[in-house]
There are 4 protein chains.
Amino acid sequence: MEEPVNISIDLKLATPAYRQIVDAMRVRLVEEDLKPGQMLPTVRRLAMELSVHFNTVAQAYRELAEEGWIELKHGRGAMVIARRAPRPAENAENSKIFSERLRELVAQMRASGMDALHIAMELRSLAQALER
Amino acid sequence: MEEPVNISIDLKLATPAYRQIVDAMRVRLVEEDLKPGQMLPTVRRLAMELSVHFNTVAQAYRELAEEGWIELKHGRGAMVIARRAPRPAENAENSKIFSERLRELVAQMRASGMDALHIAMELRSLAQALER
Amino acid sequence: MEEPVNISIDLKLATPAYRQIVDAMRVRLVEEDLKPGQMLPTVRRLAMELSVHFNTVAQAYRELAEEGWIELKHGRGAMVIARRAPRPAENAENSKIFSERLRELVAQMRASGMDALHIAMELRSLAQALER
Amino acid sequence: MEEPVNISIDLKLATPAYRQIVDAMRVRLVEEDLKPGQMLPTVRRLAMELSVHFNTVAQAYRELAEEGWIELKHGRGAMVIARRAPRPAENAENSKIFSERLRELVAQMRASGMDALHIAMELRSLAQALER
DNA sequence: GTGGTCTAGACCACG
DNA sequence: GTGGTCTAGACCACA
(Lines give C-alpha, C1' and ligand atoms only; values in the text may rest on other atoms or scores of the structure.)
Protein backbone atom coordinates (compact mmCIF):
# COMPACT_ATOMS: atom_id res chain seq x y z
CA MET A 1 0.00 0.00 0.00
CA GLU A 2 2.94 2.31 0.42
CA GLU A 3 3.70 4.41 -2.57
CA PRO A 4 7.05 5.61 -3.89
CA VAL A 5 6.87 9.38 -4.11
CA ASN A 6 9.26 9.85 -6.97
CA ILE A 7 10.28 13.38 -6.36
CA SER A 8 13.70 14.94 -6.44
CA ILE A 9 15.03 18.12 -4.96
CA ASP A 10 18.05 20.29 -5.56
CA LEU A 11 19.75 21.67 -2.48
CA LYS A 12 21.70 24.15 -4.58
CA LEU A 13 18.55 26.04 -5.53
CA ALA A 14 17.46 29.09 -3.58
CA THR A 15 14.07 27.56 -2.79
CA PRO A 16 14.30 25.82 0.57
CA ALA A 17 14.31 22.05 0.50
CA TYR A 18 11.07 21.68 2.43
CA ARG A 19 9.31 24.03 -0.01
CA GLN A 20 10.56 21.99 -2.95
CA ILE A 21 9.18 18.86 -1.34
CA VAL A 22 5.82 20.49 -0.69
CA ASP A 23 5.58 21.92 -4.20
CA ALA A 24 6.57 18.67 -5.89
CA MET A 25 4.20 16.59 -3.82
CA ARG A 26 1.35 19.04 -4.31
CA VAL A 27 1.68 18.51 -8.04
CA ARG A 28 1.42 14.77 -7.57
CA LEU A 29 -1.55 15.19 -5.25
CA VAL A 30 -3.44 17.59 -7.51
CA GLU A 31 -2.81 15.38 -10.50
CA GLU A 32 -3.94 12.40 -8.45
CA ASP A 33 -0.80 10.38 -8.86
CA LEU A 34 -1.14 10.14 -5.12
CA LYS A 35 -4.67 9.18 -4.21
CA PRO A 36 -6.60 9.28 -0.93
CA GLY A 37 -5.91 6.21 1.13
CA GLN A 38 -2.34 5.74 0.00
CA MET A 39 0.39 5.71 2.59
CA LEU A 40 3.37 7.98 2.16
CA PRO A 41 6.90 6.95 3.05
CA THR A 42 7.84 7.73 6.64
CA VAL A 43 9.55 11.02 7.26
CA ARG A 44 12.77 9.25 8.03
CA ARG A 45 12.71 7.11 4.92
CA LEU A 46 11.92 9.94 2.53
CA ALA A 47 14.58 11.98 4.28
CA MET A 48 17.14 9.29 3.50
CA GLU A 49 16.04 9.02 -0.11
CA LEU A 50 16.37 12.77 -0.59
CA SER A 51 19.50 13.05 1.53
CA VAL A 52 18.07 15.64 3.87
CA HIS A 53 17.45 15.65 7.59
CA PHE A 54 14.21 14.05 8.73
CA ASN A 55 13.11 17.34 10.26
CA THR A 56 13.12 18.87 6.82
CA VAL A 57 10.73 16.23 5.51
CA ALA A 58 8.66 16.49 8.68
CA GLN A 59 8.21 20.20 8.07
CA ALA A 60 7.08 19.53 4.50
CA TYR A 61 4.61 16.87 5.65
CA ARG A 62 3.27 19.19 8.32
CA GLU A 63 2.63 21.84 5.69
CA LEU A 64 0.83 19.38 3.44
CA ALA A 65 -1.23 18.23 6.42
CA GLU A 66 -2.17 21.84 7.10
CA GLU A 67 -3.27 22.26 3.52
CA GLY A 68 -5.49 19.26 4.03
CA TRP A 69 -3.81 16.83 1.67
CA ILE A 70 -2.43 14.32 4.10
CA GLU A 71 -2.95 13.13 7.62
CA LEU A 72 -0.12 12.53 10.07
CA LYS A 73 -0.76 9.94 12.70
CA HIS A 74 1.44 9.34 15.68
CA GLY A 75 3.21 6.06 15.28
CA ARG A 76 1.28 5.20 12.16
CA GLY A 77 2.88 7.20 9.37
CA ALA A 78 1.29 9.61 6.90
CA MET A 79 -1.69 8.97 4.65
CA VAL A 80 -3.19 10.84 1.71
CA ILE A 81 -6.75 11.90 2.51
CA ALA A 82 -9.72 13.18 0.56
CA ARG A 83 -9.32 16.91 0.70
CA ARG A 84 -12.35 19.09 1.14
CA ALA A 85 -12.22 21.68 -1.63
CA PRO A 86 -11.37 25.15 -0.36
CA ARG A 87 -14.27 27.51 -0.68
CA PRO A 88 -13.94 29.67 -3.82
CA ALA A 89 -14.70 32.73 -1.71
CA GLU A 90 -11.17 34.02 -1.43
CA ASN A 91 -10.41 33.32 -5.03
CA ALA A 92 -11.30 36.74 -6.30
CA GLU A 93 -8.25 37.91 -4.37
CA ASN A 94 -6.07 34.91 -5.04
CA SER A 95 -6.93 34.67 -8.67
CA LYS A 96 -5.40 38.06 -9.33
CA ILE A 97 -2.23 37.31 -7.44
CA PHE A 98 -1.75 33.97 -9.13
CA SER A 99 -2.35 35.42 -12.56
CA GLU A 100 0.28 38.00 -11.83
CA ARG A 101 2.70 35.30 -10.72
CA LEU A 102 2.00 33.36 -13.89
CA ARG A 103 2.78 36.43 -15.94
CA GLU A 104 5.95 37.02 -13.95
CA LEU A 105 7.07 33.46 -14.40
CA VAL A 106 6.56 33.66 -18.15
CA ALA A 107 8.53 36.91 -18.23
CA GLN A 108 11.31 35.19 -16.32
CA MET A 109 11.35 32.34 -18.80
CA ARG A 110 11.59 34.73 -21.71
CA ALA A 111 14.24 36.74 -19.94
CA SER A 112 16.29 33.58 -19.50
CA GLY A 113 16.35 33.22 -23.26
CA MET A 114 13.69 30.58 -23.78
CA ASP A 115 11.97 30.72 -27.13
CA ALA A 116 8.58 32.42 -26.98
CA LEU A 117 6.93 29.84 -29.17
CA HIS A 118 8.32 27.05 -27.05
CA ILE A 119 6.86 28.63 -23.94
CA ALA A 120 3.53 29.11 -25.68
CA MET A 121 3.51 25.44 -26.55
CA GLU A 122 4.07 24.48 -22.95
CA LEU A 123 1.29 26.73 -21.80
CA ARG A 124 -1.14 25.24 -24.31
CA SER A 125 -0.17 21.74 -23.27
CA LEU A 126 -0.82 22.58 -19.63
CA ALA A 127 -4.15 24.13 -20.59
CA GLN A 128 -5.13 21.03 -22.50
CA ALA A 129 -4.38 18.81 -19.52
CA LEU A 130 -6.67 20.97 -17.42
CA GLU A 131 -9.53 20.78 -19.87
CA ARG A 132 -9.64 17.02 -19.84
CA MET B 1 11.86 61.23 -20.65
CA GLU B 2 11.36 59.66 -17.26
CA GLU B 3 8.78 56.96 -17.17
CA PRO B 4 6.32 56.21 -14.35
CA VAL B 5 6.93 52.58 -13.44
CA ASN B 6 3.39 51.81 -12.44
CA ILE B 7 4.04 48.88 -10.23
CA SER B 8 2.66 48.11 -6.83
CA ILE B 9 3.90 45.79 -4.15
CA ASP B 10 2.29 44.22 -1.12
CA LEU B 11 4.45 44.13 1.99
CA LYS B 12 2.12 41.62 3.60
CA LEU B 13 3.00 38.95 1.06
CA ALA B 14 5.66 36.37 1.80
CA THR B 15 7.65 37.34 -1.27
CA PRO B 16 10.29 39.88 -0.25
CA ALA B 17 9.71 43.43 -1.35
CA TYR B 18 12.77 43.62 -3.58
CA ARG B 19 11.75 40.43 -5.41
CA GLN B 20 8.29 41.83 -6.04
CA ILE B 21 9.85 44.92 -7.55
CA VAL B 22 12.23 42.93 -9.74
CA ASP B 23 9.50 40.56 -10.89
CA ALA B 24 7.02 43.30 -11.67
CA MET B 25 9.57 45.38 -13.55
CA ARG B 26 10.86 42.41 -15.49
CA VAL B 27 7.33 41.85 -16.79
CA ARG B 28 7.20 45.41 -18.01
CA LEU B 29 10.64 45.12 -19.55
CA VAL B 30 9.95 41.84 -21.33
CA GLU B 31 6.63 43.13 -22.60
CA GLU B 32 8.42 46.29 -23.71
CA ASP B 33 6.29 48.69 -21.78
CA LEU B 34 9.66 49.96 -20.71
CA LYS B 35 11.89 50.45 -23.70
CA PRO B 36 15.66 50.95 -24.08
CA GLY B 37 16.59 54.57 -23.61
CA GLN B 38 13.90 55.35 -21.09
CA MET B 39 14.92 56.64 -17.69
CA LEU B 40 13.68 55.00 -14.51
CA PRO B 41 12.79 56.96 -11.38
CA THR B 42 15.64 57.36 -8.93
CA VAL B 43 16.02 54.81 -6.20
CA ARG B 44 14.84 57.29 -3.62
CA ARG B 45 11.81 58.39 -5.56
CA LEU B 46 10.57 54.90 -6.31
CA ALA B 47 11.23 53.98 -2.69
CA MET B 48 8.96 56.79 -1.57
CA GLU B 49 6.24 55.83 -4.02
CA LEU B 50 6.26 52.25 -2.81
CA SER B 51 6.79 53.15 0.84
CA VAL B 52 9.88 51.00 1.25
CA HIS B 53 13.43 51.68 2.30
CA PHE B 54 15.59 52.98 -0.55
CA ASN B 55 18.01 50.11 0.04
CA THR B 56 15.23 47.76 -1.02
CA VAL B 57 14.78 49.53 -4.33
CA ALA B 58 18.52 49.78 -4.76
CA GLN B 59 18.82 46.04 -4.42
CA ALA B 60 16.09 45.52 -7.00
CA TYR B 61 17.81 47.90 -9.45
CA ARG B 62 21.12 46.13 -8.86
CA GLU B 63 19.51 42.82 -9.71
CA LEU B 64 17.94 44.19 -12.87
CA ALA B 65 21.28 45.68 -13.85
CA GLU B 66 22.93 42.32 -13.34
CA GLU B 67 20.35 40.72 -15.58
CA GLY B 68 21.28 43.27 -18.20
CA TRP B 69 18.04 45.20 -18.37
CA ILE B 70 19.14 48.54 -17.00
CA GLU B 71 22.25 50.57 -16.41
CA LEU B 72 22.96 52.39 -13.20
CA LYS B 73 24.71 55.71 -13.56
CA HIS B 74 26.21 57.11 -10.38
CA GLY B 75 24.19 60.07 -9.32
CA ARG B 76 22.18 60.17 -12.51
CA GLY B 77 19.60 57.42 -12.00
CA ALA B 78 19.00 54.35 -14.06
CA MET B 79 18.30 53.80 -17.73
CA VAL B 80 16.73 50.94 -19.63
CA ILE B 81 19.25 49.54 -22.10
CA ALA B 82 19.15 47.24 -25.08
CA ARG B 83 19.70 43.84 -23.56
CA ARG B 84 21.76 41.35 -25.47
CA ALA B 85 19.81 38.10 -25.52
CA PRO B 86 21.20 35.54 -23.09
CA ARG B 87 22.90 32.68 -24.87
CA PRO B 88 20.54 29.72 -25.22
CA ALA B 89 23.30 27.50 -23.85
CA GLU B 90 21.85 27.48 -20.39
CA ASN B 91 18.39 26.85 -21.61
CA ALA B 92 18.43 23.09 -21.74
CA GLU B 93 18.95 23.13 -18.02
CA ASN B 94 16.73 26.07 -17.22
CA SER B 95 13.93 24.96 -19.44
CA LYS B 96 13.26 21.90 -17.35
CA ILE B 97 13.31 23.79 -14.07
CA PHE B 98 10.97 26.45 -15.39
CA SER B 99 8.53 23.89 -16.78
CA GLU B 100 8.47 22.27 -13.39
CA ARG B 101 7.82 25.60 -11.71
CA LEU B 102 5.01 26.27 -14.15
CA ARG B 103 3.46 22.94 -13.31
CA GLU B 104 3.86 23.62 -9.61
CA LEU B 105 2.26 27.02 -9.93
CA VAL B 106 -0.72 25.55 -11.75
CA ALA B 107 -1.04 22.88 -9.07
CA GLN B 108 -1.01 25.63 -6.46
CA MET B 109 -3.75 27.49 -8.28
CA ARG B 110 -5.89 24.40 -8.46
CA ALA B 111 -5.18 23.62 -4.83
CA SER B 112 -6.36 27.08 -3.87
CA GLY B 113 -9.73 26.27 -5.37
CA MET B 114 -9.48 28.03 -8.72
CA ASP B 115 -11.57 26.55 -11.49
CA ALA B 116 -9.52 24.35 -13.85
CA LEU B 117 -11.17 25.77 -16.95
CA HIS B 118 -10.53 29.29 -15.75
CA ILE B 119 -6.85 28.49 -15.33
CA ALA B 120 -6.74 26.86 -18.76
CA MET B 121 -8.22 30.00 -20.25
CA GLU B 122 -5.53 32.12 -18.65
CA LEU B 123 -2.81 29.85 -19.93
CA ARG B 124 -4.17 29.99 -23.46
CA SER B 125 -4.42 33.76 -23.33
CA LEU B 126 -0.79 33.98 -22.21
CA ALA B 127 0.22 31.61 -24.99
CA GLN B 128 -1.60 33.69 -27.54
CA ALA B 129 0.20 36.83 -26.43
CA LEU B 130 3.50 35.04 -26.90
CA GLU B 131 2.66 33.95 -30.40
CA ARG B 132 2.02 37.42 -31.65
CA MET C 1 -23.92 -6.08 35.39
CA GLU C 2 -21.70 -4.95 32.58
CA GLU C 3 -22.27 -1.44 31.47
CA PRO C 4 -22.09 -0.05 27.92
CA VAL C 5 -19.58 2.77 28.05
CA ASN C 6 -21.16 4.87 25.37
CA ILE C 7 -18.18 6.89 24.36
CA SER C 8 -16.91 7.71 20.93
CA ILE C 9 -13.54 8.86 19.76
CA ASP C 10 -12.26 10.53 16.64
CA LEU C 11 -8.97 9.23 15.31
CA LYS C 12 -8.60 12.25 13.06
CA LEU C 13 -8.27 14.59 16.01
CA ALA C 14 -4.84 15.63 17.25
CA THR C 15 -5.58 14.30 20.73
CA PRO C 16 -4.25 10.75 21.00
CA ALA C 17 -6.83 7.99 21.04
CA TYR C 18 -6.00 6.80 24.54
CA ARG C 19 -6.36 10.33 25.94
CA GLN C 20 -9.76 10.70 24.32
CA ILE C 21 -10.86 7.47 25.98
CA VAL C 22 -9.54 8.50 29.37
CA ASP C 23 -11.05 11.98 29.14
CA ALA C 24 -14.44 10.73 28.00
CA MET C 25 -14.61 8.03 30.64
CA ARG C 26 -13.48 10.39 33.38
CA VAL C 27 -16.44 12.59 32.57
CA ARG C 28 -18.80 9.66 32.96
CA LEU C 29 -17.12 8.63 36.19
CA VAL C 30 -17.15 12.09 37.74
CA GLU C 31 -20.77 12.58 36.75
CA GLU C 32 -21.51 9.15 38.19
CA ASP C 33 -23.00 7.69 35.07
CA LEU C 34 -20.57 4.92 35.88
CA LYS C 35 -20.88 3.93 39.53
CA PRO C 36 -18.66 1.89 41.84
CA GLY C 37 -19.30 -1.82 41.43
CA GLN C 38 -20.15 -1.67 37.76
CA MET C 39 -18.09 -3.75 35.36
CA LEU C 40 -16.48 -2.18 32.32
CA PRO C 41 -16.21 -3.95 28.96
CA THR C 42 -13.02 -5.92 28.48
CA VAL C 43 -10.08 -4.21 26.85
CA ARG C 44 -10.56 -6.23 23.69
CA ARG C 45 -14.28 -5.62 23.42
CA LEU C 46 -14.04 -1.87 23.88
CA ALA C 47 -11.13 -1.84 21.43
CA MET C 48 -13.32 -3.48 18.82
CA GLU C 49 -16.20 -1.11 19.46
CA LEU C 50 -13.93 1.90 19.04
CA SER C 51 -11.91 0.38 16.20
CA VAL C 52 -8.56 0.87 17.89
CA HIS C 53 -5.77 -1.45 18.91
CA PHE C 54 -6.40 -3.16 22.24
CA ASN C 55 -3.13 -1.74 23.54
CA THR C 56 -4.64 1.69 23.19
CA VAL C 57 -7.59 0.78 25.40
CA ALA C 58 -5.30 -1.04 27.80
CA GLN C 59 -3.26 2.12 28.23
CA ALA C 60 -6.41 4.12 28.90
CA TYR C 61 -7.60 1.61 31.52
CA ARG C 62 -4.17 1.64 33.13
CA GLU C 63 -4.32 5.41 33.42
CA LEU C 64 -7.81 5.32 34.93
CA ALA C 65 -6.65 2.66 37.38
CA GLU C 66 -3.73 4.87 38.38
CA GLU C 67 -6.10 7.74 39.00
CA GLY C 68 -8.03 5.42 41.29
CA TRP C 69 -11.26 5.14 39.34
CA ILE C 70 -11.17 1.51 38.33
CA GLU C 71 -9.54 -1.73 39.31
CA LEU C 72 -8.04 -4.12 36.80
CA LYS C 73 -8.48 -7.80 37.60
CA HIS C 74 -6.27 -10.13 35.61
CA GLY C 75 -8.40 -12.05 33.17
CA ARG C 76 -11.64 -10.78 34.68
CA GLY C 77 -11.97 -7.31 33.21
CA ALA C 78 -12.17 -3.99 35.01
CA MET C 79 -14.48 -2.68 37.70
CA VAL C 80 -15.40 0.81 38.79
CA ILE C 81 -14.40 1.29 42.41
CA ALA C 82 -15.13 3.81 45.13
CA ARG C 83 -12.42 6.37 44.70
CA ARG C 84 -10.94 7.94 47.78
CA ALA C 85 -10.91 11.64 47.23
CA PRO C 86 -7.45 12.97 46.38
CA ARG C 87 -6.00 15.02 49.20
CA PRO C 88 -6.56 18.73 48.57
CA ALA C 89 -2.90 19.28 49.36
CA GLU C 90 -1.96 19.47 45.73
CA ASN C 91 -4.83 21.74 44.90
CA ALA C 92 -3.24 25.05 45.61
CA GLU C 93 -0.78 24.30 42.86
CA ASN C 94 -3.19 22.56 40.49
CA SER C 95 -5.93 25.08 40.91
CA LYS C 96 -3.86 27.79 39.30
CA ILE C 97 -2.83 25.64 36.38
CA PHE C 98 -6.37 24.48 35.74
CA SER C 99 -7.74 28.01 35.90
CA GLU C 100 -5.18 29.02 33.36
CA ARG C 101 -6.14 26.13 31.11
CA LEU C 102 -9.79 27.10 31.43
CA ARG C 103 -8.93 30.63 30.38
CA GLU C 104 -6.88 29.33 27.47
CA LEU C 105 -9.68 27.06 26.33
CA VAL C 106 -12.16 29.92 26.38
CA ALA C 107 -9.71 32.05 24.39
CA GLN C 108 -9.40 29.24 21.88
CA MET C 109 -13.19 29.04 21.56
CA ARG C 110 -13.44 32.75 20.97
CA ALA C 111 -10.56 32.62 18.52
CA SER C 112 -12.37 29.94 16.56
CA GLY C 113 -15.22 32.37 16.05
CA MET C 114 -17.69 31.16 18.64
CA ASP C 115 -20.05 33.78 19.95
CA ALA C 116 -18.98 35.15 23.34
CA LEU C 117 -22.51 35.04 24.73
CA HIS C 118 -22.93 31.47 23.61
CA ILE C 119 -19.76 30.51 25.44
CA ALA C 120 -20.89 32.37 28.53
CA MET C 121 -24.16 30.43 28.44
CA GLU C 122 -22.30 27.16 28.34
CA LEU C 123 -20.11 28.15 31.24
CA ARG C 124 -23.11 29.12 33.35
CA SER C 125 -24.85 25.87 32.54
CA LEU C 126 -21.77 23.91 33.63
CA ALA C 127 -21.57 25.95 36.79
CA GLN C 128 -25.20 25.26 37.58
CA ALA C 129 -24.68 21.52 37.21
CA LEU C 130 -21.84 21.73 39.70
CA GLU C 131 -23.91 23.56 42.27
CA ARG C 132 -26.59 20.91 42.40
CA MET D 1 6.14 50.66 20.92
CA GLU D 2 7.43 47.28 21.89
CA GLU D 3 5.36 45.51 24.43
CA PRO D 4 6.42 43.16 27.24
CA VAL D 5 4.53 39.91 26.74
CA ASN D 6 4.41 38.88 30.37
CA ILE D 7 3.94 35.19 29.94
CA SER D 8 5.61 32.34 31.69
CA ILE D 9 5.98 28.73 30.76
CA ASP D 10 6.84 25.57 32.65
CA LEU D 11 9.18 23.17 30.89
CA LYS D 12 8.27 20.40 33.34
CA LEU D 13 4.69 20.22 32.02
CA ALA D 14 3.70 17.71 29.37
CA THR D 15 2.40 20.45 27.07
CA PRO D 16 5.22 21.40 24.71
CA ALA D 17 6.82 24.75 25.32
CA TYR D 18 5.81 26.22 21.99
CA ARG D 19 2.17 25.26 22.65
CA GLN D 20 2.29 26.93 26.05
CA ILE D 21 3.58 30.09 24.42
CA VAL D 22 0.87 30.01 21.76
CA ASP D 23 -1.88 29.35 24.29
CA ALA D 24 -0.72 32.02 26.69
CA MET D 25 -0.31 34.62 23.97
CA ARG D 26 -3.66 33.77 22.42
CA VAL D 27 -5.29 34.62 25.72
CA ARG D 28 -3.58 37.99 25.74
CA LEU D 29 -4.56 38.59 22.13
CA VAL D 30 -8.21 37.59 22.56
CA GLU D 31 -8.47 39.71 25.69
CA GLU D 32 -6.80 42.55 23.81
CA ASP D 33 -3.96 43.05 26.22
CA LEU D 34 -1.98 42.87 23.00
CA LYS D 35 -3.51 45.17 20.43
CA PRO D 36 -3.09 45.44 16.65
CA GLY D 37 -0.09 47.58 15.80
CA GLN D 38 1.97 46.59 18.78
CA MET D 39 5.37 45.07 18.21
CA LEU D 40 6.23 41.80 19.90
CA PRO D 41 9.66 41.04 21.30
CA THR D 42 11.98 39.43 18.77
CA VAL D 43 12.09 35.65 18.76
CA ARG D 44 15.58 35.73 20.19
CA ARG D 45 14.72 38.10 22.99
CA LEU D 46 11.59 36.29 24.10
CA ALA D 47 13.54 33.05 23.87
CA MET D 48 16.09 34.43 26.31
CA GLU D 49 13.40 35.66 28.68
CA LEU D 50 11.71 32.26 28.72
CA SER D 51 15.01 30.36 28.71
CA VAL D 52 14.18 28.34 25.61
CA HIS D 53 15.83 28.06 22.23
CA PHE D 54 14.88 30.74 19.73
CA ASN D 55 13.53 28.09 17.38
CA THR D 56 10.92 27.22 19.97
CA VAL D 57 9.66 30.78 20.09
CA ALA D 58 9.88 31.01 16.30
CA GLN D 59 7.59 28.01 16.00
CA ALA D 60 5.09 29.59 18.37
CA TYR D 61 5.18 32.88 16.44
CA ARG D 62 4.70 31.03 13.16
CA GLU D 63 1.63 29.33 14.58
CA LEU D 64 0.18 32.63 15.76
CA ALA D 65 0.90 34.11 12.34
CA GLU D 66 -0.97 31.23 10.73
CA GLU D 67 -3.93 31.86 12.98
CA GLY D 68 -3.89 35.42 11.75
CA TRP D 69 -2.97 37.16 14.99
CA ILE D 70 0.46 38.46 14.14
CA GLU D 71 2.60 39.24 11.15
CA LEU D 72 6.22 38.19 10.82
CA LYS D 73 8.40 40.39 8.68
CA HIS D 74 11.85 39.50 7.59
CA GLY D 75 14.30 41.70 9.36
CA ARG D 76 11.61 43.75 10.98
CA GLY D 77 10.27 41.69 13.85
CA ALA D 78 6.71 40.62 14.63
CA MET D 79 3.62 42.79 14.88
CA VAL D 80 0.12 42.21 16.17
CA ILE D 81 -2.40 42.74 13.38
CA ALA D 82 -6.13 43.16 13.09
CA ARG D 83 -7.42 39.64 12.69
CA ARG D 84 -10.24 39.00 10.32
CA ALA D 85 -12.86 37.04 12.25
CA PRO D 86 -13.04 33.39 11.21
CA ARG D 87 -16.30 32.60 9.52
CA PRO D 88 -18.78 30.98 11.89
CA ALA D 89 -19.46 28.28 9.29
CA GLU D 90 -17.37 25.57 10.88
CA ASN D 91 -18.58 26.34 14.35
CA ALA D 92 -21.40 23.84 14.37
CA GLU D 93 -18.66 21.21 14.31
CA ASN D 94 -16.21 23.04 16.52
CA SER D 95 -18.76 24.11 19.03
CA LYS D 96 -19.54 20.52 19.92
CA ILE D 97 -15.91 19.54 20.27
CA PHE D 98 -15.08 22.53 22.40
CA SER D 99 -18.08 21.97 24.66
CA GLU D 100 -16.92 18.43 25.15
CA ARG D 101 -13.42 19.61 25.99
CA LEU D 102 -14.86 22.08 28.48
CA ARG D 103 -16.80 19.28 30.13
CA GLU D 104 -13.72 17.10 30.19
CA LEU D 105 -11.62 19.84 31.72
CA VAL D 106 -14.16 20.40 34.47
CA ALA D 107 -14.25 16.65 35.13
CA GLN D 108 -10.46 16.71 35.38
CA MET D 109 -10.59 19.55 37.86
CA ARG D 110 -13.10 17.73 40.01
CA ALA D 111 -11.10 14.52 39.74
CA SER D 112 -8.05 16.36 41.00
CA GLY D 113 -9.95 17.18 44.16
CA MET D 114 -10.96 20.79 43.49
CA ASP D 115 -14.11 21.89 45.25
CA ALA D 116 -17.14 21.83 42.97
CA LEU D 117 -18.41 25.17 44.24
CA HIS D 118 -15.02 26.74 43.70
CA ILE D 119 -15.02 25.54 40.10
CA ALA D 120 -18.55 26.82 39.59
CA MET D 121 -17.44 30.20 40.83
CA GLU D 122 -14.60 30.30 38.36
CA LEU D 123 -16.92 29.38 35.53
CA ARG D 124 -19.36 32.11 36.45
CA SER D 125 -16.60 34.66 36.67
CA LEU D 126 -15.37 33.71 33.19
CA ALA D 127 -18.92 33.91 31.89
CA GLN D 128 -19.33 37.35 33.36
CA ALA D 129 -16.17 38.58 31.69
CA LEU D 130 -17.53 37.38 28.38
CA GLU D 131 -20.84 39.15 28.82
CA ARG D 132 -19.25 42.52 29.29
C1' DG E 1 9.22 2.04 14.76
C1' DT E 2 6.27 6.00 14.02
C1' DG E 3 5.85 11.17 14.36
C1' DG E 4 6.78 15.29 17.73
C1' DT E 5 9.62 18.34 20.40
C1' DC E 6 13.66 20.60 21.70
C1' DT E 7 18.50 22.16 21.65
C1' DA E 8 22.77 23.74 19.59
C1' DG E 9 24.58 26.11 16.41
C1' DA E 10 25.76 27.29 11.36
C1' DC E 11 24.49 29.89 7.54
C1' DC E 12 21.39 32.62 4.68
C1' DA E 13 17.97 36.26 3.27
C1' DC E 14 16.10 40.54 4.26
C1' DG E 15 15.77 45.49 5.30
C1' DG F 1 20.08 42.64 13.73
C1' DT F 2 15.87 40.55 12.12
C1' DG F 3 13.45 36.12 10.86
C1' DG F 4 14.16 31.56 8.04
C1' DT F 5 16.28 27.22 6.98
C1' DC F 6 18.88 23.28 7.87
C1' DT F 7 21.59 19.76 10.37
C1' DA F 8 22.74 16.82 14.21
C1' DG F 9 21.23 14.38 17.50
C1' DA F 10 18.69 13.57 22.14
C1' DC F 11 14.53 12.31 24.12
C1' DC F 12 9.53 11.62 24.33
C1' DA F 13 4.71 10.09 23.08
C1' DC F 14 2.06 7.03 20.55
C1' DA F 15 0.26 2.65 18.53
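Below, chains carry the letters A, B, ... as their sequence lines are ordered, and counting in each starts from 1. Side chains included, hydrogens not; waters and symmetry mates left out as well; all remaining heavy atoms used.
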Legend entry - Flag, side chain of C/Arg83 to backbone of D/Ala111, donor-acceptor distance under 3.5 Å: yes
Inset, instruction - Find the distance A/Lys12:NZ to E/dC12:C1' and express it as a whole number of Å. - result: 17 Å
Legend entry - Expected output: side-chain C/Thr56 to main-chain C/Val52 donor-acceptor under 3.5 Å: no
Legend entry - Sugar-phosphate, base or nothing in reach of D/Val52, heavy atoms under 4.0 Å: sugar-phosphate
Inset, instruction - With the side chain counted from C-beta on, respond yes when B/Leu102 and A/Met109 share a heavy-atom pair under 4.5 Å apart, and no when they do not. - result: yes
Inset, instruction - Take A/Arg45 and A/Glu49, measure what salt bridge (charged side-chain N to carboxylate O under 4.0 Å, His left out) needs, and give me the verdict at the end. - result: CA-CA 6 Å; A/Arg45 226 189 90 205; A/Glu49 281 176 27; 3.4 Å; yes
Legend entry - Flag if over 12 foreign heavy atoms under 6.0 Å of CD, D/Glu66: yes
Inset, instruction - Name the first nucleotide and the last nucleotide along DNA chain F (5' to 3') that come under 4.0 Å of a heavy atom in chain A. - result: F/dT5 to F/dA15
Legend entry - Interatomic distance where CD belongs to B/Gln20 and P belongs to E/dC14 [whole Å]: 11 Å
Inset, instruction - Return one dot-bracket line describing DNA chain E 5' to 3' (Watson-Crick or G-U wobble pairs, both distances under 3.5 Å; ( ) same strand, [ ] crossing, | another strand, . none). - result: ||||||||||||||.
Legend entry - Most 5' of D/Arg76 and A/His53 on DNA chain F, judged by nearest nucleotide: D/Arg76
Inset, instruction - Measure from the side-chain N and O atoms of D/Lys35 to the backbone N and O of D/Ala82, and report whether any donor-acceptor pair falls under 3.5 Å. - result: no
Legend entry - Main-chain N/O of A/Val5 paired to A/Arg28 side chain as donor or acceptor, under 3.5 Å: yes
Legend entry - DNA chain F: 5'-proximal contact among C/Gln59 and A/Arg44 (nearest heavy atom): A/Arg44
Legend entry - Heavy-atom side-chain proximity of B/Met25 to B/Trp69 below 4.5 angstrom: no
Legend entry - Touch class at under 4.0 angstrom, heavy-atom based, for D/Tyr18 against every strand present: sugar-phosphate
